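Notes follow once the structure below has been shown.
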Amino acid sequence: MNFAATVIGDVSERLTRPETKRMDPSAQYALASAREAWADAGSPEVDPERLGSVVSSGIGGIITTLDGWDTLRERGARRMLPTTVPMLMPNSPTAYISLDFNAQAGAHALVSACASGAEAIGYGVDMIRLGRADVVIAGGTEAVIHPMPLASFAASRTISLRNDDPAGASRPYDVDRDGFVIGEGAAVVILESAEHAAARGARVYAKIAGVGISADAYHITSPEPEGRGQIRAMRFAMEDAGISPRDVVHVNAHATSTKVGDMVEARAIRNLFASEADHIALSATKSMTGHLLGGAGALETLFTVKAVAERKAPPTINVDNPDPELDVPLVRDAPADLPAGDIAAVNNSFGFGGHNVALVVTNA
Amino acid sequence: MAYTEEEVLAGLAEIVAEESGQPASAVVPSASFTDDLDIDSLSMMTIITHAEDKFDVRIPDEDVKNLSTVGDAVSYIAKAQA
């Protein structure tokens, strides 16, 4: 395996020893992220029955699963740890967060492959709108850097084989892109009803104003070539937010750096926004982070929130030669300023299985 | 080679400390797994699995329920390996 970048520091340094022993890495990332987000939100006082947790992964605790299988084969059934199942189950991250924060309004883990993190945030918004929670800890996580999942992705011809240049391998919208680069980690946001946030004088970065979800019902891994499902998700999210295409100034693309997927999405944006796509600052942040799979939708929603809050669209690196078919303005090597006044941005997240999630973010 | 009771206590203390987050010095013979060390049944089975591995003994489930203190476990393991 080649690594494009390694993060300095180890998540285990931010957790206790018993926590790291009882949690799959995907749950460790999620819990560490949730604690950071919670502190950043000012550790709000919430009735535990009004606090929810929605944190997803795309794949679940696969490192635990594979380690458990190795233990069974090499050392026998008596050496299996009783913590194996609670570590590998895909609801483990959200369950540990619910335990840690005493979140009793519901603990959920929506699984939709690489759309999971965005769908989790969308579901958290729904919980608040339905009156089931005032505050929701929401996000996505993934830990799959292990030879088995890597070989499986390689077999499906979806990951980059640019092994001689790891840092340049994730290059969405570049003409020489050849697949995605797997990343690991988690992103968690604190969602709060407007009333609850106002009552405690919370600092609000931005609003999740619209949630749009659709399914392609077309193919288990390939996106529908015309991007019809993606268009519906974006349109639903804009309708839900009560905005029109001209309000959208920035899109954080799902763009994983695959030959086919990147352009299906770019064409879907052009088809939906028509001439209004001319003033969209399109960013493909997986060029910098790699693809966190179930964590990606949450990480990119977080980037979209920060882009709206700071009025800066993040760059897309590694684009030496933009795909000639791309006709939406791409933010390349430096951040792009976003306009003053009321603005909206869209985060797109799509997943194997034909899952499409679009979230509209508007300024606070 | 059999472990002495002191060696079993030291080894078990290490396992229990890792699992519980309590300092190894709190893992004394008189300490109760549930009342003093806050070990639940899932953690207890994890400790038993590690102890069986470390001391090369077999601790059947029906015997685990009789091990209420660290001292109980130490004497059980010391005897079982003989």
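Letters A, B, ... mirror the listed sequences (proteins, then strands); counts begin at 1. Quick caveat: nothing in here was measured; it's all calculated off a predicted structure.
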Should we count CG of B:Asp40 as having more than 12 external heavy atoms under 6.0 Å?
yes

Taking 4.5 Å as the heavy-atom cut-off, does anything in residues 62-75 of chain B contact chain A, and if so which residues?
none

Distance in Å, A:Thr83 OG1 paired with B:Met45 CE, rounded so as to fall on 0.5 Å steps
11.5 Å

When the 4.5 angstrom heavy-atom criterion is applied to B:Ser20 and chain A, the contacting part is backbone

Check whether any side-chain heavy atom of A:Arg78 lies under 4.5 Å from a side-chain heavy atom of B:Asp53, and answer yes or no.
no

Side-chain ion pair, B:Glu19 and A:Lys21, N-O less than 4.0 Å:
no

Hey, is CZ on A:Arg203 packed in by over 12 heavy atoms from elsewhere, all under 6.0 Å?
yes

Measuring heavy-atom distances to chain A, does B:Ile59 have an atom under 4.5 Å in its side chain, in its backbone, in both, or in neither?
backbone

List the steps, then state whether side chain to side chain contact (heavy atoms under 4.5 Å, CB included) holds for B:Leu42 with A:Arg22.
CA-CA 10 Å; B:Leu42 186 69; A:Arg22 276 173 219 170; 5.9 Å; no

